[in-house]
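Order of the sequence lines fixes the chain letters, A, B, ..., with proteins taken first and strands second; residue numbering starts at 1 for each chain. Just so it is clear, the model here is predicted, and its values are computed rather than measured.
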Number of protein chains: 2
Amino acid sequence: MPDGRGDWDGELVPDERGRAARPEPDCPVEIALAAVAGRWTTLVLRELMHGPHSYSDLCERLPDISAKVLAERLRVLEHRGLLTHERLRGFPVRTRYQLTPAGQALRPLLIELYRTGVAVDTALGQRTVATADAGRASR
Amino acid sequence: MPDGRGDWDGELVPDERGRAARPEPDCPVEIALAAVAGRWTTLVLRELMHGPHSYSDLCERLPDISAKVLAERLRVLEHRGLLTHERLRGFPVRTRYQLTPAGQALRPLLIELYRTGVAVDTALGQRTVATADAGRASR
DNA sequence: CCGCATCCGATTGGATACTG
DNA sequence: CAGTATCCAATCGGATGCGG
């Protein structure tokens, strides 16, 4: 075996890029994680998933995000090719943020994140009942 | 509408917990993100997905992770109920880290992260080609 | 073998104030 | 309306060294 390990799980690690021994930026898992990383990012993506929005649209729908962080998230998402922005002429000025196909490709991931969160929650609930003292190791 | 919005996407936001206007710790998406958050975390999970491992097993398979970070990841994952550890008697001492059912519930998410990373990559490749054309045509 | 303690540079995200 | 600029406290992750 090239990497000295023959016990890879083909479902979990379908090809060579998933066998990295360290976090590599070109590993698909890292690419996906980077796309949704950072506080507020998934919420911004959620809003953009149902169509283009202006900056102030996003501010309204996410009232507690600061201008700095929102601008930063949009900048990074654009830099990664996940969205584009377009300045619309007229007054007042508006900007239209819109997901690219690459950005829309994140939709199944958001759905899976939600589903997994529910599944973990459920499993923890079961565990609390099943092994009532297993989770109290930390302090 | 309770929240003044009737345009929620039922696939993306199946229930009330996904409609938060801010990152809430009890939102399923946040729960799942928290589980895989942090550098090295998905790699540690990947290793534990195919069975229990000792601390030094993990060190060997992830040679570049520092002891501090590995211990920290294991501590947090345990605190979240995603794994358990068990000290095995004998010499030398060994510790057995093992995923709980809640931890195993992360498997589909890891698979989806990989799949999404590939999809984003592919879409970006397409876009480079597509916008290269569009750019020539429109500009 | 299995970690924890400490130090430290870098990054993060929030608050506030200001501009085209 | 759509952001930028600056400051700041908190967290993160890596390195090193030590203890059970």
Side-chain angles (χ1 to χ4, degrees), chain A residues 20-25 27 30 33-45 47-48 52-80 83-98 137-139, chain B residues 20-25 27 29-30 33-45 47-48 52-80 83-98:
Chain A
R22 317 184 322 161
E24 303 283 358
C27 169
E30 297 292 325
L33 277 175
V36 298
R39 201 156 130 87
W40 295 100
T41 303
T42 54
L43 294 177
V44 172
L45 289 171
E47 297 307 321
L48 291 174
H53 290 279
S54 70
Y55 187 88
S56 52
D57 281 347
L58 294 170
C59 282
E60 274 174 40
R61 295 169 106 109
L62 304 171
D64 297 340
I65 190 174
S66 74
K68 178 198 171 185
V69 172
L70 177 54
E72 164 75 10
R73 294 294 176 264
L74 293 170
R75 202 181 315 136
V76 171
L77 290 171
E78 177 163 24
H79 181 247
R80 292 187 187 280
L83 62 81
T84 58
H85 79 277
E86 176 190 5
R87 308 191 87 93
L88 305 179
R89 53 176 238 88
F91 187 83
V93 181
R94 291 213 160 234
T95 309
R96 179 187 165 93
Y97 290 93
Q98 184 172 211
S138 59
R139 71 204 54 171
Chain B
R22 318 184 323 160
E24 303 283 359
C27 168
V29 173
E30 296 292 325
L33 277 176
V36 298
R39 203 156 127 87
W40 295 99
T41 303
T42 54
L43 294 177
V44 172
L45 289 171
E47 296 307 320
L48 291 174
H53 290 281
S54 69
Y55 187 88
S56 52
D57 281 346
L58 294 170
C59 281
E60 273 175 40
R61 296 169 106 109
L62 304 171
D64 297 340
I65 190 174
S66 74
K68 178 199 170 184
V69 173
L70 177 54
E72 164 75 9
R73 293 295 175 265
L74 293 170
R75 203 181 317 136
V76 171
L77 289 171
E78 176 163 24
H79 181 245
R80 292 186 187 281
L83 63 79
T84 58
H85 80 278
E86 175 191 5
R87 307 191 87 92
L88 305 178
R89 52 180 245 93
F91 187 82
V93 180
R94 290 211 162 233
T95 309
R96 179 187 166 93
Y97 290 93
Q98 185 172 211

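In this structure, the separation between CD on A:Glu47 and CZ on A:Arg61 is 5.0 Å, given to the nearest 0.5 Å. Between the CG atom in A:Asp57 and the CG atom in A:Leu62 there is a gap of 10.5 Å [rounded to 0.5 Å]. Note that CZ of A:Arg96 is 10.0 Å distant from NE2 of A:His53, once rounded to the nearest 0.5 Å. For the atom pair CG of A:Leu74 and OG1 of A:Thr84, the computed distance is 11.0 Å after rounding to the nearest 0.5 Å. Here the CG-CG distance, from A:Leu33 to B:Leu33, works out to 8.5 Å after rounding to the nearest 0.5 Å. In this structure, CG in A:Leu77 is found 9.5 Å from CD in A:Glu72, a value given to the nearest 0.5 Å.
For DNA chain C, the contact window with chain A, defined by any atom under 4.0 Å from a protein heavy atom, covers C:dG13 to C:dA15 in 5' to 3' order.
The separation between A:Glu86 atom CD and D:dC1 atom P is 19 Å, rounded to whole Å. Here the C1' atom of nucleotide D:dC1 and the CG atom of A:Leu88 are 12 Å apart, to the nearest Å. In this structure, CZ of A:Phe91 is placed 11 Å from P of D:dA2, rounded to the nearest angstrom.
Using a 4.0 Å heavy-atom distance criterion, B:Arg96 is classed as making no nucleic acid contact.
Checked by atom type and distance alone, the side chain of A:Tyr55 pairs as donor or acceptor with a backbone atom of A:Ala67 at under 3.5 Å. B:Arg73 contributes a side-chain N or O that, together with a main-chain N or O of B:Arg39, makes up a donor-acceptor pair within less than 3.5 Å.
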Atom pairs, protein N/O to nucleotides 13-16 of chain D N/O, distance under 3.5 Å:
unit_1: D:dG13; atom_1: OP1; unit_2: B:Arg39; atom_2: N; d: 3.0
unit_1: D:dG13; atom_1: OP1; unit_2: B:Arg73; atom_2: NH2; d: 3.1
unit_1: D:dG13; atom_1: OP2; unit_2: B:Arg73; atom_2: NH1; d: 3.4
unit_1: D:dG13; atom_1: OP2; unit_2: B:Arg73; atom_2: NH2; d: 2.5
unit_1: D:dG13; atom_1: N7; unit_2: B:Lys68; atom_2: NZ; d: 3.0
unit_1: D:dG13; atom_1: O6; unit_2: B:Lys68; atom_2: NZ; d: 3.4
unit_1: D:dG14; atom_1: OP1; unit_2: B:Arg39; atom_2: NE; d: 2.4
unit_1: D:dG14; atom_1: OP1; unit_2: B:Arg39; atom_2: NH2; d: 2.9
unit_1: D:dG14; atom_1: OP2; unit_2: B:Trp40; atom_2: NE1; d: 3.2
unit_1: D:dG14; atom_1: O6; unit_2: B:Lys68; atom_2: NZ; d: 2.3

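Contact annotation: A:Arg75 side-chain N/O to D:dG3 OP1/OP2 distance is not under 4.0 Å. A close approach under 4.0 Å does not occur between any side-chain nitrogen or oxygen of A:Tyr97 and OP1 or OP2 of D:dC1.
A:His85 pairs with exactly one of A:Arg75, A:Glu78, A:Gln98 by the side-chain hydrogen bond (donor to acceptor under 3.5 Å, both in side chains) rule, that one being A:Glu78.
Inter-residue side-chain proximity for B:Arg22 and A:Trp40 is flagged as met; some heavy-atom pair is nearer than 4.5 Å. The shortest side-chain heavy-atom distance between A:Leu48 and A:Leu58 falls under the 4.5 Å cut-off.
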Starting at the 5' end of DNA chain C, write a dot or bracket for each base, bracketing those in Watson-Crick or G-U wobble pairs whose two distances are under 3.5 Å and using | for partners on another strand.
-> |.||||||||||||||||||

